[in-house]
K.L.:
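After the structure tokens below, expect a handful of questions from me.
Naming: A, B, ... by sequence-line order, numbering from 1 per chain.
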Amino acid sequence: MAYIIEGNTGAWEVVVGLEVHAQVISRSKLFSGAATDFGAEPNTQVSFIDAAFPGMLPVINRVCVAQAVRTGLGLNARINVVSHFDRKNYFYPDLPSGYQISQYQHPIVGEGRIEIELADGSTRSIGVTRLHLEQDAGKSLHDQHPTKSYIDLNRAGVALMEIVSEPDIRSPEEAGAYLTKVRSILRYLGTCDGNMDEGSMRADVNVSVRKHGEPFRTRCEVKNVNSIRFVMQAVEVEAKRQVEVWESGGTVDQETRLFDSARGVTRSMRSKEDAHDYRYFPDPDLLPLVLDEAWVEALRQDLPELPDPKKARFVGEYGLTVYDAGVLVAEQATANFFEEVAKGRDVKTAANWVTGDLFAALNRMGRTIEQSPVSAANLGKLLDLMADNTINGRIAKDVFTAMVETGDDPAAIVEARGLRQVTDTGAIDAAVDAVLAANPDKVADYRAGKDKLFGFFVGQVMKAMAGKGNPALVNEVLKRKLS
Amino acid sequence: MSLDPATVRRIASLARIRVEEREVAQLQNELNTILGWIEQLNEVNVDGIAPLTGGAQMALKMREDVVTDGGYPEQVLANAPDRAGPFFAVPKVVE
Amino acid sequence: MTMFDLTLAAARDELRARRLSARELTQSYLDAIAALNPRLNAYITVTPERALAQADAADAALARGQAGPLTGIPLAIKDLFCTAGVRTTAGSRILEQFVPPYESTVSANLLRDGAVFLGKANLDEFAMGSSNMTSAYGAVENPWKRRQDTSAVLVPGGSSGGSASAVAARLALGATATDTGGSIRQPASFCGIPGIKPTYGRCSRWGIVAFASSLDQAGPLARTVEDCAILLGSMAGHDPKDSTSADRPVPDFAAACKRGVKGLRIGVPREYTMDGMPEEISVLWQQGLAWMRDAGAEIVDVSLPHTKYGLATYYIVAPAEASSNLARYDGVRFGLRENGEDLRDLYERTRAAGFGPEVRRRILIGTYVLSAGYYDAYYVRAQKVRALILRDFTEVFSKVDALLTPTAPSAAFAQGENMDDPIKMYLNDIFTVPASMAGVPGMSVPAGLDANGLPLGLQVLGKPFDEETVFAVSAAIERAAGFSALPSIRAGA
């Protein structure tokens, strides 16, 4: 279903391109040996290079380059064997040198593609224009003093990958799905932790609207949106705003806007007349970055299995539905968890337990799969206890609840609480006899043809046996005694 | 290409150098003299020539990803004209 | 003969033989500075306590027989090299209070080898100038005097004017300098001393306040070609902290000085002349060629057709890079701050007050040539012409081993001359700039005096990383010229 804004003058289509700024996972900064850890004391992770002291020079970090190459490979993108670093010149107190070292004309990664999945089960392919390496800026704190801004340069110089999409995105949902997919790929690769709360992944959202079949209209850039939900909201409200502007006879100006998440609106940033004259030129302190093709190939060989191939494998190898496979591969930790549970066991049961009971429990607790109180090994043991008839499915739910509470081994829980299922036919016979004796009228009705009452008898027997009766045996005995 | 006073002011503003109104005419004159002299480069046939960007004709060397620097906030802040505890301080920036 | 007549090499021998102590030598130079610097203004900052402490350490090392290549040698350090704990101004008001917490690689190399630092030498502001008149710390006087007009105060050239004046006036045994378009060679020529700009990448730029990163290169100024070779041997070397530093071994430059020129092919580029150049410079050039021929070299006429475009190219590339390199002087982390009504006003007032007129002019030019709509017409075109200049050199160096040219189109001029028109001043560098654009090594050697009794230099250019041939040719010129004239203002006179 196409996303359409119905205006007074007809239907409008939304056109979105995203620039994702992803902080590279590395120990030290892109051009200096200062540390990159999040949350350090102000200005403690700052070298004289990061603070742009006179005479300081940049030297590039091999791991940051490798991470960019790996990400490019993960995005099915072209790796540019020769790339260049340029200076983007502008004055801002958290940009110590007065320029950001970035890659303007010759980025390290060229065109690629990302498949996104939508709620209706459809998929779309979104073009990636480029990925380039650049320096992050420091942090300005505007709320610490009535008349001053404070500057912390700990983040200044940390490596960023800017991943630019084509304007192929057509709805808030697609924007969300694209970001989710990018984040998933980055996390699989271990090139960015994708943590939008800590700002290690941020997005600039380029939005325009148009009538069907028109060329692109003027776009606005909504800067630094820091959650997937906000990106989706920003697309929605900015598109609506632009439709209103056009329909009221106005013109949308190309400008930079901020998303105010509290009020759910975008607003213009205090515009600067020279904001767009960045005077890019090749950084003379650096030389062309020339990649060794064998090195790139080695990085390619070393890539982990990524979400799309893994999903295809889960469908092909395990016979999972596309939907279940998609849910299981979204996070690498989930996929690994699932595979550990499924190994040597019934795959569909494993998938159902992971996506059903386990996800529900984690959701309730607000935990990630890495923080799950139920380990993959223990969930696997639970499945084994069902498979070898130690417990039945009904009891398994109780055992699982106990596992969530205690983190204990399911076999221990079963033993401690006496939950083994009863397969002793004598005990089942006795329970059945008692239930039939207590309900003579229902027995008569059943025998008169009310077959549906069979379930009632099963329930009563199981209740009498505290749920521990072997369901198959209970059925068998009931059938025999009722016939 | 000749600079007008508005361009002089725009360039000065881009470079964040305050230029007093009375200085504009002289600056305009000086800059135009230099730019006019530079125009001689238009005589040179540069068709098909790749720009030479740097001073060194080598490829970039990469360093290993090891923390070797930082951890000296006092030295970083020691020359600051205005500091507030562990921060540099500037007049408040409004976005 | 006084202590001040010793060359660096000779002083080193005296120190090693313990006929002279480092303290004695250093104290003599400090006394000379105290006597003459108020007039010459060659030093912005003198550091006597540090110098004497270093001299004492040198004497201790000498006593232990652990002398390095420069142990006890008193030097001047251009105030563009950051020196740990010693104010480094770059000749600018904007860095008047700046004390670097780190030592530049080049000066650290000199300290490693035992050198004694007397102080920080004056220079044109941010190394932008050819007369040392743009320094925020006052002009430097050239110790040489015109015979007929001894009252005229001559400039030492620039930007390394303080370094050149200090060495010429014997206020140091040698000095560090930097050359972006001629800032070592032109002052060397004006002050009657040798000086070499090595190949781009030979010396680390780490810790040197940047002017134009793709051109800046450190080198020495000293009393003799051999002294320059000794100093460069210590200054040079690969530095992993500078991505443009060349990972090559440092040859024995001093040994190369003794090679001679027999069998070398020395090119004479016909374009190295200009209107209004004094006849005596052409005559000296021919004399230099004759000396080389007599010493066994073959002289070859060559052409570097894009020579005349070097300066215009330079005045796009260098200001463009400078406009960006100098953006960090914003009054936030170090240096001067002028308060304003808001941040932008603070930036603009700080930079207007902190930078002098020439620096402001170059930043504006650089900003303009990089700005939207002009980048291709100016900057990209200049880079293409730069590629042609490099190609000229590459082609010529496939035919010859070195080139011989005049260093500058004039002898030292007086303060106030050439000041009315920036381009007139820029033309000083017309013969030095092409080698800077191509990154090749160039050395100026004093070869004679003009009619006024002022020194004139000849320039030797070599292939990239072949400083050895440059030293061989320069030393041969030095021997043939027998240049022994001394400036009238000097220590020990």
K.L.:
Which bit of Ser140(A) is near chain B, if near means a heavy-atom gap under 4.5 Å: side chain, backbone, both or neither?
P.N.:
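For Ser140(A), there is no contact with chain B at all, as no heavy atom is under 4.5 Å.
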K.L.:
How far apart are the closest heavy atoms of Glu64(B) and Arg62(A), and which atoms are they?
P.N.:
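Residues Glu64(B) and Arg62(A), closest heavy atoms: OE2-NE, 3.0 Å.
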K.L.:
Step through the shown structure and confirm whether more than 12 heavy atoms of other residues, nucleotides or ligands are within 6.0 Å of CZ on Arg27(A).
P.N.:
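At most 12 heavy atoms, drawn from other residues, nucleotides or ligands, come within 6.0 Å of this atom.
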K.L.:
Look at atom CD of Glu43(B) and say whether more than 12 heavy atoms of other residues, nucleotides or ligands are closer to it than 6.0 Å.
P.N.:
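Counting other residues, nucleotides and ligands, CD of Glu43(B) exceeds 12 neighbours.
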K.L.:
Return yes if some donor-acceptor pair links the side-chain N/O of Lys92(B) with the main-chain N/O of His145(A) below 3.5 Å, else return no.
P.N.:
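Yes; at least one donor-acceptor contact below 3.5 Å.
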K.L.:
Heavy-atom pairs under 4.5 Å with chain A are the metric here; pick the option from Arg63(B), Met62(B), Met58(B) that has the most.
P.N.:
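It is Arg63(B).
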K.L.:
Between Gln75(B) and chain A, with a heavy-atom cut-off of 4.5 Å, which part of the residue counts as in contact: side chain, backbone, both or neither?
P.N.:
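Looking at Gln75(B), backbone and side chain both touch chain A.
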K.L.:
Shortest non-hydrogen contact from Asp152(A) to Phe87(B)?
P.N.:
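Scanning both residues completely, I find the closest heavy atoms to be CB-CE2, 3.8 Å.
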K.L.:
Run the side chain to side chain contact (heavy atoms under 4.5 Å, CB included) check on Asp277(A) and Arg10(B) step by step: do they pass?
P.N.:
CA-CA 11 Å; Asp277(A) 200 344; Arg10(B) 184 176 66 80; 3.5 Å; yes
K.L.:
Non-hydrogen atoms of chain A under 4.5 Å away: do they reach the side chain of Val90(B), the backbone, both or neither?
P.N.:
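Val90(B) touches chain A through backbone and side-chain heavy atoms alike.
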K.L.:
Side chain from CB out, backbone as N, CA, C, O: work out which of these in Asp143(A) comes under 4.5 Å of a heavy atom of chain B, or both, or neither.
P.N.:
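It is the backbone, since no side chain atom gets that close.
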K.L.:
Heavy-atom distance under 4.5 Å to chain B: side chain of Ala35(A), backbone, both or neither?
P.N.:
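It is both, since atoms from each part get that close.
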K.L.:
Ser28(A) and Asp65(B): side-chain donor and acceptor closer than 3.5 Å?
P.N.:
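On atom types as modelled, these side chains qualify, holding a pair under 3.5 Å.
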K.L.:
Heavy-atom pairs under 4.5 Å with chain B are the metric here; pick the option from Gly33(A), Ser32(A), Pro146(A) that has the most.
P.N.:
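Heavy-atom pairs under 4.5 Å are most numerous for Gly33(A).
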K.L.:
Quick check: closest heavy atoms across Phe91(A) and Leu14(B), and the distance to 0.1 Å?
P.N.:
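Scanning both residues, the minimum pair turns out to be CE1-O, 3.5 Å.
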K.L.:
Can you tell me which portion of Phe281(A) sits under 4.5 Å from chain B's heavy atoms? Options are side chain, backbone, both or neither.
P.N.:
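No part of Phe281(A) comes within 4.5 Å of chain B.
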K.L.:
For Pro93(A), which atoms come within 4.5 Å of any heavy atom of chain B: side chain, backbone, both, or neither?
P.N.:
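Side chain only.
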K.L.:
Within a 6.0 Å radius of atom CD on Glu297(A), are there more than 12 heavy atoms belonging to other residues, nucleotides or ligands?
P.N.:
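Atom CD in Glu297(A) is crowded, with more than 12 foreign heavy atoms closer than 6.0 Å.
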K.L.:
Which heavy atom of Thr53(B) sits nearest to which heavy atom of Pro282(A), and what is that distance?
P.N.:
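Thr53(B) and Pro282(A) have their closest heavy atoms at CG2-CG, 3.8 Å.
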K.L.:
Looking at Phe85(A), Phe53(A), Tyr150(A), which one has more heavy-atom pairs under 4.5 Å with chain B than the rest?
P.N.:
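The option with the most such pairs is Tyr150(A).
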K.L.:
Can you say whether Tyr90(A) sits under 4.5 Å from chain B via the side chain, the backbone, both, or neither, judging by heavy atoms?
P.N.:
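Contact with chain B: none, neither part.
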K.L.:
Determine the option with the most heavy-atom pairs under 4.5 angstrom with chain B, choosing from Cys64(A), Ser26(A), Ala51(A), Pro284(A).
P.N.:
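The option with the most such pairs is Ser26(A).
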K.L.:
Show the numbers, then the answer: is there a side chain to side chain contact (heavy atoms under 4.5 Å, CB included) between Val290(A) and Leu60(B)?
P.N.:
CA-CA 7 Å; Val290(A) 182; Leu60(B) 192 58; over 6 Å; no
K.L.:
Does anything in residues 39-48 of chain A reach chain B? List residues with heavy atoms under 4.5 Å apart, or say none.
P.N.:
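Contacts with chain B: Pro42(A), Asn43(A), Thr44(A), Val46(A), Ser47(A), Phe48(A).
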K.L.:
Is the shortest distance from a Lys or Arg side-chain nitrogen in Lys29(A) or Asp69(B) to a carboxylate oxygen in the other one below 4.0 Å?
P.N.:
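Between Asp69(B) and Lys29(A) there is no salt bridge, as every charged N stays at least 4.0 Å from the carboxylate O atoms.
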K.L.:
As an exercise: rank Ala66(A), Gly138(A), Pro288(A), Gly98(A) by heavy-atom pairs under 4.5 Å with chain B and give me the winner.
P.N.:
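The answer is Pro288(A).
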